Number of protein chains: 2
Amino acid sequence: MKLINPHLKYSTHQKILVAVDCSIFGFDSKTLKILLFRRKVEPLKGEWSLIGAFLQNDLSIVDGAKQILLESTGLSDIYLEQLRTYGAVKRDPVERVISVGFYSLIRIDELNIRSVEDFDAKWFDINEMPELILDHGDMVKDAIAAFQLKARHEPIGFNLLPEHFTIPQLQSLYESIYQTKRDSRNFRKKVLSLNIIEKTDLKDKTGSKKGAFLYTFKKKVKLKNKERHFLFDF
Amino acid sequence: MKLINPHLKYSTHQKILVAVDCSIFGFDSKTLKILLFRRKVEPLKGEWSLIGAFLQNDLSIVDGAKQILLESTGLSDIYLEQLRTYGAVKRDPVERVISVGFYSLIRIDELNIRSVEDFDAKWFDINEMPELILDHGDMVKDAIAAFQLKARHEPIGFNLLPEHFTIPQLQSLYESIYQTKRDSRNFRKKVLSLNIIEKTDLKDKTGSKKGAFLYTFKKKVKLKNKERHFLFDF
DNA sequence: ACAAAAGTGTTGAGTATACACCCATGA
DNA sequence: TCATGGGTGTATACTCAACACTTTTGT
């Protein structure tokens with residue numbers, strides 16, 4: 001390993017403003033939702049947008065995203081995935097800014113309501129979204145596509161559910177992720193065959209009079225190779 | 001649409017150096033290879049690295065990547081995919097730099113040899129790579145994983161082959177992408193069933209005395225939904 | 001003639017799909 | 001008692017995986 005000259009700089013090169021923007025998904029037992037925010041600064045103040053911020057020099061990109069999420073939702077330790085970076089020269093009308101896109105999956109019931117009100121945020125059905133500023137609409141499209149792809153390979157949908165959930169709820173979740181309908185018998189069979197959820201003695205009675213058994217997600221699942229690829233083949 | 005105040009700036013925020021680094025893959029009829037370069041600047045001058053450069057303010061990120069590829073390989077209009085952006089605070093020992101990772105797929109025979117020599121570059125078998133500078137090793141790992149994932153869903157492997165190729169060559173390509181062996185009868189059956197390649201009257205005799213028929217990739221393929229998901233189920 | 005790679009079919013196993021009725025309960 | 005969603009089984013079609021021999025031709 002060579003020693004680095006401590007006076008070396010790359011200073012002849014141009015620096016660029018870097019932002020981080022995050023699509024926040026939630027699930028309300030019916031439809032997949034996204035949390036949108038009214039922009040608080042000029043330009044385009046008051047328009048709907050993703051939550052975002054400029055990246056500071058002393059924060060890693062992922063820590064920047066985590067900090068935004070903490071500030072806007074009150075949540076830490078949530079599922080977070082980097083998408084790609086948006087870098088068109090004129091994507092921001094004010095100045096050149098590149099933006100690293102993320103999406104995160106949160107449990108809607110854990111969301112801090114105060115935060116939401118402070119930030120003038122609102123949940124939207126992903127099919128009923130308003131116009132978003134800049135290229136945030138593309139970011140959301142990409143986020144949904146990436147989430148759909150990943151959810152086929154890995155059991156990440158569980159990050160949207162409370163600790164205890166019923167199989168009909170789980171089905172409804174995957175149906176709203178992929179915007180399709182499934183046969184309940186086949187869905188149940190498939191999910192149980194994966195050995196990734198565990199039945200409890202508890203019943204949820206909010207959905208029906210009969211009540212449905214609650215399950216929990218097994219955390220230390222060891223998926224077989226095949227299953228890792230084709231978890232839910234929507 | 002609101003008018004934007006032309007004097008508005010985000011100038012209180014910190015700017016950051018942004019680089020672009022690209023994993024270049026090729027296929028030599030036997031194994032999947034990656035093109036590595038000896039770094040031309042301090043620090044770590046002379047060490048093996050991906051090709052990369054700082055992003056200029058007047059270039060979009062993808063154009064920055066294309067420019068690097070043009071300069072280093074002489075090729076334009078090549079398959080290029082953005083990975084993710086690497087943003088650890090100390091990833092570069094000199095100064096804070098974030099780097100947008102890409103991978104590209106090129107036809108090894110179209111590569112401009114002069115460029116390669118000028119840049120002190122070399123093809124490495126992906127299983128026999130040297131140590132790379134900084135986090136470039138991670139970038140390559142991510143690039144391989146992303147390529148493997150994408151190649152399962154979309155017929156992008158063809159970007160590594162010449163216009164005319166044989167089925168045994170195609171099989172060998174996918175075997176080296178996924179580091180596995182397949183049964184030749186099953187592979188042929190599967191590929192032909194996808195209806196994405198077209199037989200020609202030509203034969204390639206370099207691989208055997210009998211010769212193998214050459215095929216071309218159908219450009220305007222319309223894949224069915226299912227096939228789009230599970231092209232090659234490795 | 002023989003070495004070396006190309007090309008060709010069938011069978012069995014496993015997985016996905018289609019499909020309809022009974023159960024438990026609160027109102 | 002009845003309306004509502006929860007829970008269960010079987011038969012069929014399809015797709016993947018395993019498997020071995022013949023063909024062509026340059027040397």
Side-chain angles (χ1 to χ4, degrees), chain A residues 28-31 152-153 161 164-176 178 180-216 223-234, chain B residues 28-31 152-153 161 164-176 178 180-216 223-234:
Chain A
D28 68 353
S29 300
K30 288 262 167 55
T31 60
R152 252 210 310 277
H153 301 288
L161 292 171
H164 294 267
F165 53 86
T166 68
I167 289 184
Q169 278 166 13
L170 185 62
Q171 177 175 353
S172 158
L173 168 62
Y174 276 88
E175 285 176 344
S176 55
Y178 295 105
T180 55
K181 286 283 173 198
R182 319 282 327 180
D183 179 272
S184 67
R185 287 163 291 189
N186 294 337
F187 182 85
R188 179 180 296 267
K189 224 182 307 172
K190 170 75 181 189
V191 162
L192 292 174
S193 78
L194 292 171
N195 269 318
I196 55 177
I197 61 174
E198 203 150 24
K199 195 173 184 176
T200 69
D201 300 331
L202 309 168
K203 275 199 165 188
D204 172 276
K205 297 259 200 173
T206 61
S208 72
K209 310 182 170 172
K210 182 179 178 182
F213 278 105
L214 287 162
Y215 288 75
T216 57
L223 287 170
K224 290 180 215 149
N225 244 331
K226 277 232 165 155
E227 289 165 352
R228 196 175 310 134
H229 294 326
F230 310 117
L231 205 55
F232 296 105
D233 53 341
F234 283 80
Chain B
D28 68 352
S29 300
K30 288 264 168 56
T31 61
R152 253 209 309 277
H153 301 289
L161 292 172
H164 294 267
F165 52 86
T166 68
I167 291 185
Q169 277 166 14
L170 185 62
Q171 177 174 353
S172 158
L173 168 62
Y174 276 87
E175 285 176 343
S176 55
Y178 295 105
T180 55
K181 286 285 174 195
R182 321 281 322 178
D183 178 271
S184 67
R185 286 163 290 188
N186 293 338
F187 183 85
R188 179 180 296 264
K189 222 181 309 170
K190 171 76 181 191
V191 161
L192 291 173
S193 79
L194 292 172
N195 268 318
I196 54 178
I197 60 173
E198 203 150 25
K199 196 173 182 174
T200 69
D201 299 332
L202 309 168
K203 277 200 163 186
D204 173 277
K205 296 258 199 175
T206 61
S208 72
K209 314 189 166 168
K210 183 180 178 182
F213 278 104
L214 286 162
Y215 288 75
T216 56
L223 287 170
K224 290 183 214 146
N225 242 332
K226 276 232 166 154
E227 290 166 350
R228 196 174 309 132
H229 293 327
F230 309 116
L231 206 55
F232 296 105
D233 55 340
F234 283 79

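Letters A, B, ... are given to chains in the order of the sequence lines, protein chains preceding strands, and every chain is numbered from 1. Being a predicted model, the structure only gives us computed values, none of them experimental.
A search for side chain to side chain contact (heavy atoms under 4.5 Å, CB included) contacts involving A/Lys205 returns nothing, not counting sequence neighbours. Under the rule for a side chain to side chain contact (heavy atoms under 4.5 Å, CB included), the partners of B/Lys189 that lie at least two apart in sequence or sit in another chain are B/Asn186. Among residues two or more places apart in sequence or in another chain, the side-chain hydrogen bond (donor to acceptor under 3.5 Å, both in side chains) test is passed with B/Lys30 by none. With sequence neighbours excluded, the residues forming a side chain to side chain contact (heavy atoms under 4.5 Å, CB included) with A/Leu202 are A/His164, A/Thr200, A/Leu214, listed by chain and number. Take A/Lys209 and apply the side-chain hydrogen bond (donor to acceptor under 3.5 Å, both in side chains) test, not counting sequence neighbours, and it matches no residue. For B/Thr31, the side chain to side chain contact (heavy atoms under 4.5 Å, CB included) criterion is met by B/Asp28, B/Lys33, B/Asp125, not counting sequence neighbours.
Atom CG of A/Leu202 is separated from atom P of D/dG6 by 17 Å (rounded to the nearest Å). Here the P atom of nucleotide D/dT23 and the CZ atom of B/Phe213 are 16 Å apart, to the nearest Å. Residue B/Leu170 contributes atom CG, which lies 12 Å from atom P of C/dG7 at whole-angstrom precision. A/Leu214 has its CG atom 12 Å from the P atom of D/dG6, to the nearest Å. Distance CG (B/Leu194) to P (D/dC14): 17 Å, rounded to an integer number of Å. The distance from atom NZ of A/Lys181 to atom C1' of C/dT17 is 18 Å, rounded to the nearest whole Å.
Remark: DNA chain D forms stems of 3 or more consecutive Watson-Crick or G-U wobble pairs, all pair distances under 3.5 Å, at C:1-27 with D:1-27.
Applying the 4.0 Å criterion to OP1 and OP2 of D/dC16, one finds that B/Arg182 has every side-chain N and O outside that range.
Atoms CG and CD1, from A/Leu161 and A/Ile197 in turn, are 10.0 Å apart once rounded to the nearest 0.5 Å.
Listed for the A/Gln171 side chain is no donor-acceptor partner under 3.5 Å among the backbone atoms of A/Arg188.
A pairwise comparison of heavy atoms in A/Ser172 and A/Ser29 identifies OG-O, 3.4 Å as the closest pair. What you find for A/Phe187 and A/Ile167 is that their closest heavy atoms are CE2-O, 4.0 Å.
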If you restrict it to nitrogen or oxygen atoms, what contacts under 3.5 Å exist between nucleotides 22-25 of chain C and the protein, and what is each distance?
unit_1, atom_1, unit_2, atom_2, d
C/dC23, O2, A/Lys210, NZ, 3.2
C/dT25, O3', A/Lys209, O, 3.4

Output a table of nitrogen or oxygen pairs between the protein and nucleotides 8-13 of chain C separated by less than 3.5 Å.
unit_1, atom_1, unit_2, atom_2, d
C/dT10, O4, B/Lys189, NZ, 2.9

List the steps, then state whether side-chain contact (heavy atoms from CB on, under 4.5 Å) holds for B/Tyr215 with B/Leu192. CA-CA 11 Å; B/Tyr215 288 75; B/Leu192 291 173; 4.1 Å; yes
